[in-house]
Each structure stands twice: as C-alpha cells, then as structure tokens.
Amino acid sequence: MEKPKWSYWSLAVMGLLWGVMGCLNFVMQMNDDFISQLPPRYYDIIAVRPFWATAAFAFAVFGGTVGCILLLLRKKVAVQLLGLSLVGCVVTFGYMVLSLGPSLILSTGVSVLVAAVLLWLAVMARSRNWLR
C-alpha cells in the first residue's frame with residue numbers, strides 16, 4: 001500500500017476542522033435558548049425549517065466529519081460517508097436557496113464545494129490504494 005502525500009493529510013485535517021465547526025453549528029441550532037437569542041431573520045430560518053431539511057443538514061455535517069476521520073484512518077468507507085455528506089449538502093443548499101432566496105447561495109454553496117472536494121479526495125485516495 002502506498003503512502004499518501006502531504007496534501008492528502010492537509011486536506012483531510014482541514015476537512016475535519018470544517019466538519020467539527022459544522023457539527024457545532026448544528027448542535028447550537030438545536031438549542032432553543034441559543035436560537036432565541038438570534039436576530040429574528042436567523043431565528044425564523046431555523047424555526048421553520050422542516051424535519052427533512054434538518055436531517056439533510058445533520059447528514060451533511062456529521063457524515064463529513066466522520067468521513068474525514070475515516071480518511072485520516074485511511075478507511076475505504078470514507079468514500080460512502082463523504083458521498084452521503086455531499087448529498088446532504090446539496091439538499092440543504094437546495095432548500096436554503098429555494099425557500100429563502102439567493103442571498104444564501106454563497107454561504108451554503110461553499111459547503112457544497114468543500115463536500116465535493118472531500119469526496120474527490122476520498123475517491124482519488126481509493127484509486128491510488130491509499131485506503132484500506
């Protein structure tokens with residue numbers, strides 16, 4: 001089995017940090033005390049979000065975080081989890097843009113881009129036999 005290059009490790013660690021921040025964001029949004037302190041616009045976004053959109057958000061952040069941990073452990077199952085994370089990001093992006101308008105394209109679009117890069121990294125690592 002070949003050893004991954006330094007760029008692999010760098011992207012996996014950055015992805016993990018991104019994912020942990022997303023998980024913290026998700027947990028904070030599930031706390032009623034926290035969201036009640038937000039400006040009305042943000043409170044409304046979170047309070048009216050349907051269950052399926054919240055579930056997609058959870059799959060996006062937790063799937064991505066666990067996927068990055070698995071990348072660091074060099075496990076092939078990271079590909080599936082990062083694929084699930086990308087699907088969650090796309091569903092979340094679609095919900096945010098379609099229901100709340102194009103002002104959120106940049107903030108949620110970056111998450112889709114990060115998820116796509118992490119999936120690409122996992123697929124590339126699997127094809128180079130860096131994963132077990």
Side-chain angles (χ1 to χ4, degrees):
M1 179 179 289
E2 292 183 42
K3 287 190 173 189
K5 299 181 190 283
W6 68 270
S7 55
Y8 169 86
W9 298 108
S10 298
L11 288 172
V13 167
M14 286 188 285
L16 177 59
L17 293 173
W18 178 266
V20 167
M21 288 188 308
C23 290
L24 290 173
N25 183 9
F26 180 86
V27 169
M28 286 188 303
Q29 288 185 27
M30 296 300 108
N31 182 325
D32 290 333
D33 292 334
F34 174 79
I35 62 170
S36 67
Q37 297 173 8
L38 293 174
R41 175 171 159 70
Y42 295 107
Y43 177 82
D44 292 342
I45 289 171
I46 296 167
V48 301
R49 183 174 53 205
F51 173 78
W52 61 267
T54 302
F57 180 30
F59 282 118
V61 297
F62 291 106
T65 302
V66 174
C68 286
I69 291 169
L70 292 170
L71 278 179
L72 292 169
L73 295 173
R74 298 175 58 190
K75 301 293 184 183
K76 286 183 182 180
V77 72
V79 175
Q80 287 81 13
L81 277 173
L82 291 169
L84 178 65
S85 175
L86 178 58
V87 170
C89 283
V90 169
V91 170
T92 301
F93 176 80
Y95 167 72
M96 297 294 277
V97 171
L98 292 175
S99 65
L100 303 169
S103 65
L104 297 167
I105 287 177
L106 183 60
S107 61
T108 55
V110 169
S111 296
V112 173
L113 179 64
V114 169
V117 168
L118 290 171
L119 179 58
W120 166 81
L121 177 67
V123 169
M124 185 262 318
R126 182 180 62 189
S127 72
R128 293 187 179 181
N129 292 319
W130 293 351
L131 305 178
R132 309 179 198 94

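Because the structure is a prediction, the values reported are computed rather than measured.
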Determine whether Leu38 and Ile46 satisfy the following criterion, side chain to side chain contact (heavy atoms under 4.5 Å, CB included), listing intermediate values before the conclusion.
CA-CA 10 Å; Leu38 293 174; Ile46 296 167; 3.7 Å; yes
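- Linking ILVMFWY side-chain heavy atoms closer than 4.5 Å, directly or via other members, places Leu113 and Val90 in two distinct hydrophobic clusters.
- Atom OG of Ser7 sits about 8.0 Å away from atom CG of Leu121, to the nearest 0.5 Å.
- Residues Val20 and Thr65 come closest through the heavy atom pair N-OG1, 3.6 Å.
- Here Met30 contributes atom CE and Asn25 contributes atom CG; the two are 9.0 Å apart, rounded to the nearest 0.5 Å.
- Residues Val87 and Val117 do not share a hydrophobic cluster, defined by chaining ILVMFWY side chains whose heavy atoms lie under 4.5 Å apart.
- When atom types are taken as modelled, the side chain of Ser85 and the backbone of Gly63 share no donor-acceptor pair closer than 3.5 angstrom.
- A side-chain donor-acceptor contact under 3.5 Å links Tyr8 to the backbone of Leu71.
- Considering only heavy atoms from C-beta on, Trp18 comes within 4.5 Å of Val110 through its side chain.
- Under the side-chain contact (heavy atoms from CB on, under 4.5 Å) criterion, Asp44 pairs with no residue, sequence neighbours left out.
- With values rounded to the nearest 0.5 angstrom, Arg132 atom CZ is found 5.5 Å from Lys75 atom NZ.
- Atom-to-atom distance recorded for Cys68:SG and Leu82:CG is 5.5 Å, nearest 0.5 angstrom.
- Closest heavy-atom contact between Val61 and Cys23: O-SG, 3.7 Å.
- Val91 has its side chain within reach of Trp52: a pair of non-hydrogen atoms, C-beta onward, lies under 4.5 Å apart.
- Proximity of Trp9 to Leu72: side-chain heavy atoms (C-beta onward) are separated by under 4.5 Å at one or more points.
- The closest side-chain heavy-atom distance from Val48 to Ile45 is not below 4.5 Å.
- Summarising the geometry, atom OH belonging to Tyr43 is positioned 7.0 Å from atom OG belonging to Ser36; distances are rounded to the nearest 0.5 Å.
- With values rounded to the nearest 0.5 angstrom, Arg49 atom CZ is found 6.0 Å from Phe57 atom CZ.
- Following chains of ILVMFWY side-chain contacts shorter than 4.5 Å, one cannot reach Val66 starting from Phe26, and the two form parts of different hydrophobic clusters.
- Donor-acceptor pairing under 3.5 Å is lacking for the side chains of Gln37 and Asp33.
- Taking hydrophobic clusters as Ile, Leu, Val, Met, Phe, Trp and Tyr residues chained together by side-chain heavy-atom distances below 4.5 Å, Leu119 does not share a cluster with Phe62.
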Could you go through the side chain to side chain contact (heavy atoms under 4.5 Å, CB included) check for Met14 and Val114 one step at a time?
CA-CA 10 Å; Met14 286 188 285; Val114 169; over 6 Å; no
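- The two atoms that bring Cys89 and Ser111 nearest to each other are SG-O, 3.8 Å, heavy atoms only.
- Note on Val27 and Phe59: separate hydrophobic clusters, where clusters join Ile, Leu, Val, Met, Phe, Trp and Tyr whose side-chain heavy atoms are under 4.5 Å apart, directly or indirectly.
- Minimum interatomic distance between Lys5 and Arg128 (heavy atoms only, all atoms of both residues): CE-NH1, 4.3 Å.
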